[in-house]
Amino acid sequence: MAADARLRTVDEQLEIVLAGLGSIDPIELTLLDAQGLLLAENVSTEVPLPGFDNSAMDGYAVRAVDTRDATPEHPVVLPVVGDVAAGATSRSGMGPGLTMRIMTGAPIPAGADGVIPLEDTDRGVAKVAIRRPVQSGECVRRAGEDLPAGAPALGAGAALGPQQLALLAAIGRDRVIVRPRPRVLVISTGSELIDVGHKPSFGEVTDSNSYLVTAAARDAGADARRIGIVPDDHSKLLDALESQLLRADVLVTTGGVSMGAFDIVKQALSELGTVEFTRIAMQPGKPQGFGHLGDRVPIFCLPGNPVSALVSFEAFVRPAIRKLLGKRNLQRATVQAVALERVDSPAGIRQYRRGVLHREATGGYSVSLVGGAGSHLIASMASSNCLVVIDEEVTEVVAGSRVTVIPLLLANR
Ligand SMILES: Nc1nc2c(c(=O)[nH]1)N[C@H]1C(S)=C(S)[C@@H](COP(=O)(O)OP(=O)(O)OC[C@H]3O[C@@H](n4cnc5c(N)ncnc54)[C@H](O)[C@@H]3O)O[C@H]1N2
Ligand code: MOO
């Protein structure tokens, strides 16, 4: 229960956000561009895997029956009538009582039904001494034993990691239809902001939020770009947003959503009537805006304080990006960790603190806080590796008790 009835909970706001997302049309991509995405078609194979019967070993192709009586003391000696290398383009053949030297992956010659590895022979060139019997089918990789021609290879919804891309390549698919990365465009608002690389005069602040949010969106799987800074000017903001509408699947702004006289994001977008500004029972990240522009493009208006922007991104934007990607798991995994210090939290508010998560020798986790609760603390945010979540109903976490932690692991796209 929120202490203040006017505050919406994080979970309620997330539900509104997720319900407000459409879907993005699937696109066709080459294999490596599709890495990490979800397949949007059922893929069957036209060819069998393996494509032909081939040898699992370097050795000699034989007819198993010809080697029946072979022992180390009395090897069977057979003539070697040729070589088959991997890449042989036509199928060779051999008669009964003969062998061919064969390489791993090379097609089994017609007439042979097994392969004796080099190590079990004298490695002869004109003739070879075979020191044990070969079973029919031994060291033969059968055509289609991995996947027969016509069989389903991957279903719609499959996540395309390295193994799945390898399968698609193996069956000859160089392009696939996938759920695309949402195009996320990021705008920082605030007349105090300047671009990185310029020396700030007194009162100016270097824009870091657009880097924070763009990087976080990329890490979440989006195709994210920073548009840059827009000053606190009603029409400049609306122009900037409108000019990006056709290029965006999601817009994200930071700043200008609290109560200030110049908080023009809130003023300008509230007037459009399609973006709602609310206060959420969370800290940081209390003021939030969410809605649609041009009736289609979801827009998140995050608070300007850098830590508030990160926490709001994690709470609302990241799950939204994952939903647009078609992922089933929208939330980051959490772990339970022993709090190494006491933390207080206001009743009815979900508090997110920055922390450093440690893995204990015993296998469990412990967590210490870094920095204070202030949402302007960029340096301590950068030295943290997790968010410590203190739920709405908890007002005190005593040192030594368990607390929920969200590790902020990089996705390694
Ligand atoms: N009277 C009240 N004041 C404030 C309230 C409130 O409820 N009543 N809420 C506070 C909370 S909580 C937050 S969070 C902030 C949200 O403010 P805005 O979204 O309007 O953000 P700004 O005022 O534009 O900026 C806040 C702060 O962050 C710095 N900032 C902004 N953008 C960037 C950027 N791109 N890169 C780096 N730093 C940025 C900005 O300079 C300010 O210091 O409102 C509180 N106030
Ligand atoms: O919500 Mo503000 O984000 O507490 O700093």
Side-chain angles (χ1 to χ4, degrees), residues 2-4 6-10 13 184-217 224-234 236-237 240 251-270 275-290 299-317 343-346 348-354 371-382 387-390 392:
D4 179 340
R6 288 167 299 158
L7 298 187
R8 192 178 276 165
T9 67
V10 175
Q13 177 72 356
V184 175
L185 300 182
V186 181
I187 293 178
S188 288
T189 72
S191 293
E192 77 279 25
L193 300 177
I194 58 162
D195 263 320
V196 62
H198 300 268
K199 198 170 168 351
S201 305
F202 178 78
E204 290 182 331
V205 174
T206 304
D207 165 34
S208 57
N209 282 352
S210 64
Y211 291 92
L212 172 83
V213 173
T214 306
R225 254 169 266 199
R226 51 181 295 279
I227 299 304
I229 300 168
V230 176
D232 294 322
D233 177 299
H234 205 283
K236 283 196 176 127
L237 174 70
L251 290 166
V252 184
T253 66
T254 66
V257 300
S258 64
M259 310 272 188
F262 306 109
D263 286 333
I264 52 98
V265 174
K266 187 172 177 179
Q267 292 166 18
L269 296 183
S270 309
V275 183
E276 182 202 31
F277 288 83
T278 8
R279 296 199 301 150
I280 312 293
M282 68 192 284
Q283 191 184 56
K286 188 176 181 184
Q288 295 288 334
F290 174 74
I299 178 166
F300 293 86
C301 302
L302 309 183
N305 280 318
V307 181
S308 314
L310 172 73
V311 169
S312 310
F313 180 92
E314 286 292 325
F316 307 118
V317 189
V343 199
D344 289 326
S345 185
I349 300 288
R350 187 180 300 178
Q351 190 183 179
Y352 295 85
R353 293 287 293 269
R354 274 62 59 216
S375 50
H376 60 298
L377 300 171
I378 301 175
S380 47
M381 173 168 77
L387 295 175
V388 180
V389 186
I390 300 132
E392 289 83 343

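Please read these numbers as outputs of a predicted model, since none were measured by experiment. Counting starts at 1 for both ligands and their atoms, in listed order.
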Query raised in the report: Is there a protein heavy atom less than 4.0 Å away from atom 3 (N) of ligand 1?
Result: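 Under 4.0 Å from atom 3 (N) of ligand 1, zero protein heavy atoms found.
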Query - atom 26 (C) of ligand 1 protein-contacted (non-hydrogen atom, under 4.0 angstrom) - result: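 Looking at atom 26 (C) of ligand 1, one finds that a protein heavy atom does lie closer than 4.0 Å.
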Does some side-chain heavy atom of [Y] sit less than 4.5 Å from a side-chain heavy atom of [X]?
X      : Y      : result
Leu302 : Phe316 : no
Gln351 : Val389 : no
Ile349 : Leu7   : yes

Side chain, backbone, both or neither: which part of [X] comes within less than 4.0 Å of ligand 1 when only heavy atoms are counted?
X      : value
Ser258 : both
Leu193 : side chain
Val257 : both

Suppose I only count heavy atoms of [X] and a 4.0 Å limit; which atoms of ligand 1 are within that range?
X      : result
Asp207 : 34 (C), 35 (N), 36 (N)
Pro303 : 14 (S), 16 (C), 19 (O)
Ser188 : 35 (N)
Glu192 : 31 (C), 40 (C), 41 (O)
Gly256 : 18 (P), 19 (O), 20 (O), 21 (O), 22 (P), 24 (O)

Measuring from atom [atom1] of [X] to atom [atom2] of [Y], what distance do you get when rounded to the nearest 0.5 angstrom?
X      : Y      : atom1 : atom2 : value
Leu212 : Phe313 : CG    : CZ    : 8.5 Å
Arg354 : Ile378 : CZ    : CD1   : 12.0 Å
Asn209 : Thr253 : CG    : OG1   : 10.0 Å

Query raised in the report: Of all the non-hydrogen atoms in the protein, which one sits nearest to atom 23 (O) of ligand 1, and at what distance?
Result: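 Of every protein heavy atom, Asp263 OD1, 3.9 Å lies nearest to atom 23 (O) of ligand 1.
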Report task. Quick one: look up the protein heavy atom nearest atom 8 (N) of ligand 1 and list residue, atom name and how far away it is. Result ->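 I find the closest protein heavy atom is Met259 CG, 3.5 Å.
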Does any N or O atom in [X] lie less than 3.5 angstrom from one in ligand 1, N or O only?
X      : answer
Ser208 : yes
Pro306 : no
Ser308 : no
Ser375 : no

Query - Option passing side-chain contact (heavy atoms from CB on, under 4.5 Å) with Val213 (candidates Val186, Val184, Leu310) - result: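 Between Val213 and the candidates, side-chain contact (heavy atoms from CB on, under 4.5 Å) is satisfied uniquely by Val186.
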Requested in this report: Please step through side chain to side chain contact (heavy atoms under 4.5 Å, CB included) for the pair Ile280 and Val10, ending with a clear verdict.
Outcome: CA-CA 6 Å; Ile280 312 293; Val10 175; 4.0 Å; yes
**Report entry** Neighbour list for ligand 2 [protein residues, heavy atom under 4.0 Å]
**Finding:**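 Residues Pro284, Gly285, Lys286, Pro287, Asn305, Ser308, Ser375 each place a heavy atom under 4.0 Å from ligand 2, listed by chain and number.
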**Report entry** Donor-acceptor pair, side chain of Arg350 and main chain of Gly348, under 3.5 angstrom
**Finding:**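 Pair absent, no side-chain N/O of Arg350 close to backbone of Gly348.
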Query raised in the report: Taking atom 31 (C) of ligand 1 as the point of reference, which of Gly304, Ala309, Gly285, Pro287 owns the nearest heavy atom?
Result: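 It is Gly304 whose heavy atom sits nearest to atom 31 (C) of ligand 1.
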